[in-house]
Protein chains: 2
Amino acid sequence: MKPKLTLKQIAKELDVSISTVSKALRDSPEIGEETRKKIKAFAKFYNYKPNNIALSLKNRKTKTIGIIIPEIVHHFFTTVISGVEKVANEMGYNVLVCLSDNSFDKEVLNMEMLANGSTDGFIMSLAKETMQKGDYHHLQEAINQGMPLVLFDRVVDGITCDKVIIDDVIGAKKAVQHLIDVGCKKIGLISTVDYVSVGNLRTRGYQQALEENNIAVEEQHILKIEKMEDSETAIENFLKDKDLDGIFAVNEHFAISAIKAVKECGKNVPEDVSVIGFTDGELSKRFIPSLTTVSQPGSKMGEEAARLLIEKLESKNDEAENYRTIIVETGLVTRNSTKSEK
Amino acid sequence: MKPKLTLKQIAKELDVSISTVSKALRDSPEIGEETRKKIKAFAKFYNYKPNNIALSLKNRKTKTIGIIIPEIVHHFFTTVISGVEKVANEMGYNVLVCLSDNSFDKEVLNMEMLANGSTDGFIMSLAKETMQKGDYHHLQEAINQGMPLVLFDRVVDGITCDKVIIDDVIGAKKAVQHLIDVGCKKIGLISTVDYVSVGNLRTRGYQQALEENNIAVEEQHILKIEKMEDSETAIENFLKDKDLDGIFAVNEHFAISAIKAVKECGKNVPEDVSVIGFTDGELSKRFIPSLTTVSQPGSKMGEEAARLLIEKLESKNDEAENYRTIIVETGLVTRNSTKSEK
DNA sequence: TTGTAAGCGTTATCAC
DNA sequence: GTGATAACGCTTACAA
């Protein structure tokens with residue numbers, strides 16, 4: 001087991017000074033042709049690679065970006081990570097992934113760990129508990145310390161930083177409009193509780209679409225789910241006594257549960273009831289019937305977030321004071337859980 | 001924007017030396033009660049946190065572990081990551097995630113990046129291309145440099161290191177035995193090409209189960225798929241002219257494609273054909289019919305891998321020369337794509 | 001009880 | 001052209 005080669009060792013071996021080696025390897029014109037060649041040959045032969053940690057200390061930047069997400073076993077977040085990875089790698093950055101498990105405390109802890117030199121900046125989607133508490137001091141602290149922060153998906157207005165979101169309202173509107181277009185008259189909504197911003201926004205889109213089509217919004221057609229675990233039965237109970245012919249669910253799980261519940265009521269999808277979801281995952285694609293959904297381009301969001309962050313990291317500090325919110329567009333993926341357009 | 005507090009600044013502020021501050025904060029008995037209190041109070045007030053990079057450089061360890069996987073948009077790998085994260089965090093480690101995209105070159109590149117000080121060790125599942133090439137010099141190099149390596153899932157015999165695998169052969173055997181138990185006579189196998197070790201092993205389990213039940217293995221009942229993209233049509237074509245009553249697929253995608261193909265032939269699952277998959281994901285759980293599968297406990301594997309790695313990292317170098325292979329057990333999750341046991 | 005100095009691996013500045 | 005030296009932030013013998 002040979003420990004890693006350092007400049008010092010090369011210097012000793014070749015009987016020159018450390019700084020000569022350093023300069024030679026970085027092609028400094030100060031160094032004579034001959035010595036340079038010799039040093040480079042030696043380094044290449046022994047496969048010298050500069051130590052990242054030392055560089056980080058010296059440059060006061062680590063070339064790694066931290067991403068903190070609520071959970072990873074979730075198709076959407078997974079695609080975001082892969083988007084971040086992609087552009088990060090292209091730009092010579094590494095990605096440190098931390099999970100908050102939707103816990104406020106873990107989120108704070110993770111940030112503190114990473115803020116002490118481990119990363120140059122953050123890409124985050126907030127924990128559910130954090131949004132519930134409304135406590136964002138940790139975000140503000142990071143920003144105050146000069147750590148750039150990019151929020152995505154689950155963002156919050158009070159914090160001034162770059163953001164990447166999707167047009168939830170418009171996406172939801174598209175979905176509901178589609179239901180209307182294929183002839184649905186009584187359209188239900190299955191959403192989450194309001195402090196989860198996306199649930200809130202998608203609900204708004206639902207309402208707007210109805211209003212624009214002069215359809216009354218009826219409260220009893222709306223279900224707001226608190227806990228993921230109970231969602232299946234909640235949806236069943238909700239749909240049992242309703243006579244809906246269209247359902248907009250704010251995620252694919254709810255959509256699928258809705259389809260199951262509809263079938264259990266002896267009705268068919270999409271013949272009797274059209275169902276449309278949000279977020280395009282493997283499940284939506286391969287479920288039978290395959291799901292019509294609003295696609296949420298996670299990978300694109302990750303790429304945008306990474307680009308935004310790296311741009312900020314590499315800009316001079318003075319020009320850094322403009323913050324942008326990038327809205328990435330959703331698309332409607334029409335499949336088999338909705339009737340075809342008339 | 002206040003830059004981070006350092007020992008130096010504290011020292012200057014309090015008019016003591018840097019080492020005094022350092023010692024005081026680490027509760028060295030060398031330092032007088034009074035000075036210590038003063039320093040600690042100050043540090044606490046201004047929320048001093050030591051710089052990780054500096055510590056890494058000094059201690060020659062980063063307290064982060066690198067995980068390199070072929071892809072992240074894949075339920076199994078995702079659960080592994082969450083397992084690794086879990087125990088890593090408990091032990092005070094961070095996790096750097098890199099994706100090889102199943103490319104040999106990217107895998108090598110990633111390892112080189114991380115090996116230069118960014119991580120203390122690796123947890124990896126090999127890229128498909130790497131297994132195909134059979135070139136493992138990068139792994140060997142890391143080991144030679146004293147970087148511990150834990151391989152999981154897609155492992156390779158030639159490399160001496162810790163490994164975490166599942167009992168693929170036994171798992172496959174369980175699956176096929178289950179098919180036999182519910183009365184299947186003509187059982188087909190949908191697998192991957194042989195250089196992917198898991199495909200290979202699961203094929204072996206299939207053969208063994210048949211042999212142990214005195215059923216002849218017929219080559220025309222076996223399909224080996226080369227490319228994920230064409231799998232759907234390949235499976236359709238394969239099943240069209242067969243008269244199987246049981247199908248064992250080595251992953252959930254193949255299983256679902258098989259179900260679809262069976263249905264298109266006008267047969268029913270599980271009445272006419274029982275189908276069983278491998279790896280338990282969201283898809284298996286919620287597909288209709290829900291899939292009977294061999295569950296592959298990714299999270300458990302991740303935890304074991306992390307434990308193994310950290311153990312090695314924190315042991316004295318001399319006792320480090322024993323390598324272990326941990327075999328985590330699969331389970332059979334019986335759902336609706338197979339007939340019920342007679 | 002406190003301070004000095006060396007060292008972790010680099011790079012940049014300045015002197016020779 | 002080459003080499004000392006300081007610095008990044010921290011720890012730790014060793015002096016004082």
Side-chain angles (χ1 to χ4, degrees), chain A residues 2-40 42-43 46-64 92 113 115-120 145-146, chain B residues 2-40 42-43 46-64 113-120 145-146:
Chain A
K2 46 169 190 215
K4 293 232 68 172
L5 194 58
T6 67
L7 289 186
K8 199 200 255 195
Q9 293 169 54
I10 301 184
K12 196 165 68 180
E13 215 63 52
L14 263 41
D15 212 41
V16 290
S17 78
I18 296 181
S19 51
T20 303
V21 178
S22 173
K23 285 172 188 161
L25 292 177
R26 330 192 84 243
D27 281 320
S28 159
E30 290 181 41
I31 304 299
E33 176 79 352
E34 208 177 332
T35 3
R36 181 157 41 115
K37 275 195 173 153
K38 182 178 64 178
I39 292 174
K40 292 191 94 169
F42 185 93
Y46 288 106
N47 192 29
Y48 167 79
K49 293 272 166 45
N51 179 312
N52 286 332
I53 295 294
L55 288 178
S56 296
L57 185 59
K58 180 115 255 277
N59 303 330
R60 280 106 144 290
K61 56 175 68 165
T62 61
K63 285 282 201 171
T64 103
M113 283 209 67
N116 298 309
S118 299
T119 61
D120 296 339
Q145 280 179 20
Chain B
K2 47 172 189 213
K4 293 233 70 173
L5 194 57
T6 67
L7 288 187
K8 200 200 253 192
Q9 293 169 55
I10 302 184
K12 195 165 68 180
E13 216 64 51
L14 264 40
D15 213 41
V16 291
S17 80
I18 296 180
S19 58
T20 304
V21 179
S22 173
K23 287 172 187 162
L25 291 178
R26 329 191 86 244
D27 281 319
S28 158
E30 289 181 41
I31 303 300
E33 176 79 352
E34 210 176 330
T35 0
R36 181 156 42 114
K37 275 195 174 155
K38 183 179 63 176
I39 292 175
K40 291 191 94 170
F42 185 93
Y46 287 105
N47 191 29
Y48 169 78
K49 294 270 165 46
N51 179 312
N52 285 332
I53 295 293
L55 287 178
S56 296
L57 186 58
K58 179 112 260 268
N59 303 330
R60 280 107 145 290
K61 55 175 69 165
T62 61
K63 286 280 202 173
T64 102
M113 283 210 66
L114 302 194
N116 298 311
S118 300
T119 61
D120 297 338
Q145 280 178 19

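By convention in this document, chain letters (A, B, ...) are assigned in the order of the sequence lines, proteins followed by strands, and residues within each chain are numbered from 1.
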> For the helix from C:dT1-D:dA16 to C:dC16-D:dG1, what angle lies between the axis at the first five pairs and the axis at the last five pairs, to 10 degrees?
Replying inline: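 Nearest ten degrees gives 70° for this helix.
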> Which nucleotide span of DNA chain D, 5' end to 3' end, has atoms closer than 4.0 Å to non-hydrogen atoms of chain B?
Replying inline: D:dC8 to D:dC14
Taking only residues two or more places apart in sequence or in another chain, which ones pass side chain to side chain donor-acceptor pair (under 3.5 Å) with [X]?
X	value
B:T64	none
A:T35	none
A:N47	A:K49
B:K63	none

>> Tell me which residues in residues 49-60 of chain B lie within less than 4.0 Å of DNA chain C, going by non-hydrogen atoms.
In response: B:L57, B:K58, B:R60
> What parts of residues 8-17 of chain B reach DNA chain C, counting only heavy atoms under 4.0 Å away?
Replying inline: B:V16, B:S17
>> Both B:T35 and A:K4 contact DNA chain C. Which one's nearest nucleotide lies toward the 5' end?
In response: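 Nearer the 5' end of the strand: B:T35.
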>> Holding to salt bridge (Lys or Arg N to Asp or Glu O under 4.0 Å), I want the full list of residues that pass it with B:D27, two or more places apart in sequence or in another chain.
In response: B:R36, B:K40
> Among all residues two or more places apart in sequence or in another chain, which pass the salt bridge (Lys or Arg N to Asp or Glu O under 4.0 Å) test with B:E30?
Replying inline: B:K23
>> In this structure, how many angstroms lie between the P atom of C:dG3 and the CD1 atom of B:I18, rounded?
In response: 11 Å
> Can you list every pair that meets side-chain hydrogen bond (donor to acceptor under 3.5 Å, both in side chains) and has a residue in residues 11-22 of chain B, with sequence neighbours left out?
Replying inline: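 Listed by first then second residue: B:S17-B:S19, B:S17-B:T20.
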Distances under 3.5 Å only, N/O to N/O: pair up the protein atoms with those of nucleotides 14-16 of chain C.
none

